[in-house]
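Both ligands and their constituent atoms are indexed starting at 1 by order of listing. The figures here come from the full heavy-atom set of this structure, side chains too, leaving out hydrogens, waters and symmetry mates. Source: prediction; values computed, not measured.
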Amino acid sequence: MKTWEELEEKCLACHGCRLCERRNNVVIGVGNRNTDIMFVGEGPGEQEDLKGEPFVGPAGNLLDKMLAAIELDRKKVYIANVVKCRPPGNRNPAEDEQRACINYLRRQYLLIRPKIVVCLGKIAASALIEPNFPITRGHGVWYEKKGCFFIATYHPSALLRDESKKYPAWEDFKKIKQKLDEVRRTDEK
Ligand code: URA
């Protein structure tokens, strides 16, 4: 999977786990492949499965608003998920499903080489930052790995379920904006 074309071809033909059986679309990712910031969710929901694009349902509407609040939009960043096919009933993707799919996300990361990765929720943070990531304690904290900055924040669906998480999530987004300005300034030097 050295190119985007190869990656897409492999994803579209993937039968690596049971999630392929009921999918309408493989939801690979959307946005700018030359971006310096990538957002990673959990897995497609109903709308995403129907449209073939990540975060186009209610959680996506909220994500779009949060991106706009820090002067970003889905065309300027890259958005992907840990698993590319919809887990039935929007359950969490199982460990073996995540394992079967994670190389696609790794390859997306390697093709993009972003400076910042934002993990949306515990599943993405556990896959990309550390296993069993404690989202309540660990959100809003930067982790640097090989020159890339990783941060976790609450998943937009969690914000829709629990309004009290909106303020801490907004604080995280302000940190993300700050870091992005910082890495862009450093790049200009
Ligand atoms: N939730 C996710 O984690 N990803 C999507 O694409 C949509 C909802």
Side-chain angles (χ1 to χ4, degrees), residues 7-8 11-12 14 16-20 22-33 35 37-68 72-109 112 114 116-136 138-140 150-163 165-166 168-169 172-173 176:
L7 171 75
E8 274 172 0
C11 279
L12 295 176
C14 186
C17 81
R18 65 187 82 75
L19 297 182
C20 69
R22 294 209 236 164
R23 73 179 172 223
N24 288 297
N25 281 292
V26 183
V27 181
I28 301 175
V30 71
N32 177 4
R33 293 169 173 181
T35 185
I37 180 164
M38 187 171 170
F39 289 76
V40 179
E42 188 175 306
E46 186 181 18
Q47 298 295 318
E48 290 78 17
D49 171 62
L50 290 172
K51 290 202 182 139
E53 183 172 327
F55 285 99
V56 289
N61 287 337
L62 179 55
L63 178 61
D64 284 341
K65 284 186 196 150
M66 296 177 81
L67 290 175
L72 292 175
D73 68 56
R74 64 171 55 225
K75 290 193 214 78
K76 288 190 201 153
V77 305
Y78 194 83
I79 307 175
N81 282 305
V82 172
V83 297
K84 311 293 192 231
C85 298
R86 183 188 181 207
N90 299 343
R91 64 163 168 75
N92 288 346
E95 293 281 338
D96 62 329
E97 294 160 354
Q98 293 185 43
R99 267 198 307 278
C101 212
I102 197 73
N103 274 343
Y104 298 128
L105 182 62
R106 281 207 189 104
R107 182 49 58 182
Q108 287 171 304
Y109 169 82
I112 295 170
I116 295 175
V117 174
V118 180
C119 300
L120 300 168
K122 184 183 171 76
I123 298 279
S126 300
L128 299 180
I129 299 176
E130 66 179 38
N132 291 316
F133 187 88
I135 191 75
T136 310
H139 75 90
F150 290 74
I151 194 170
T153 187
Y154 290 112
H155 192 286
S157 300
L159 306 181
L160 291 172
R161 282 192 304 269
D162 178 358
E163 290 260 319
K165 293 194 167 87
K166 281 192 176 168
D172 296 342
F173 266 69
I176 293 163

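Here the straight-line distance linking atom CD1 of Ile102 with atom CD of Glu97 works out to 12.5 Å at 0.5 Å rounding.
Pocket lining of ligand 1, defined as residues with a non-hydrogen atom under 4.0 Å away: Gly41, Glu42, Gly43, Glu48, Pro54, Phe55, Asn81, His155.
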Give every donor-acceptor pair under 3.5 Å between a side-chain atom in residues 125-136 and any protein atom, sequence neighbours left out.
residue, atom, partner, partner atom, Å
Ser126, OG, Lys122, O, 2.7
Ser126, OG, Phe133, N, 3.0

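Looking at residues two or more places apart in sequence or on another chain, you find a salt bridge (Lys or Arg N to Asp or Glu O under 4.0 Å) between Glu8 and Arg33. Partners of Glu46 according to the side chain to side chain contact (heavy atoms under 4.5 Å, CB included) rule, which considers only residues two or more places apart in sequence or in another chain, are Leu50, Arg86.
At most 12 non-hydrogen atoms from other residues, nucleotides or ligands lie less than 6.0 angstrom from NZ of Lys75.
Salt-bridge formation is detected for the pair Arg74/Asp64: a Lys NZ or Arg NE/NH1/NH2 atom is positioned less than 4.0 Å from an Asp or Glu carboxylate oxygen.
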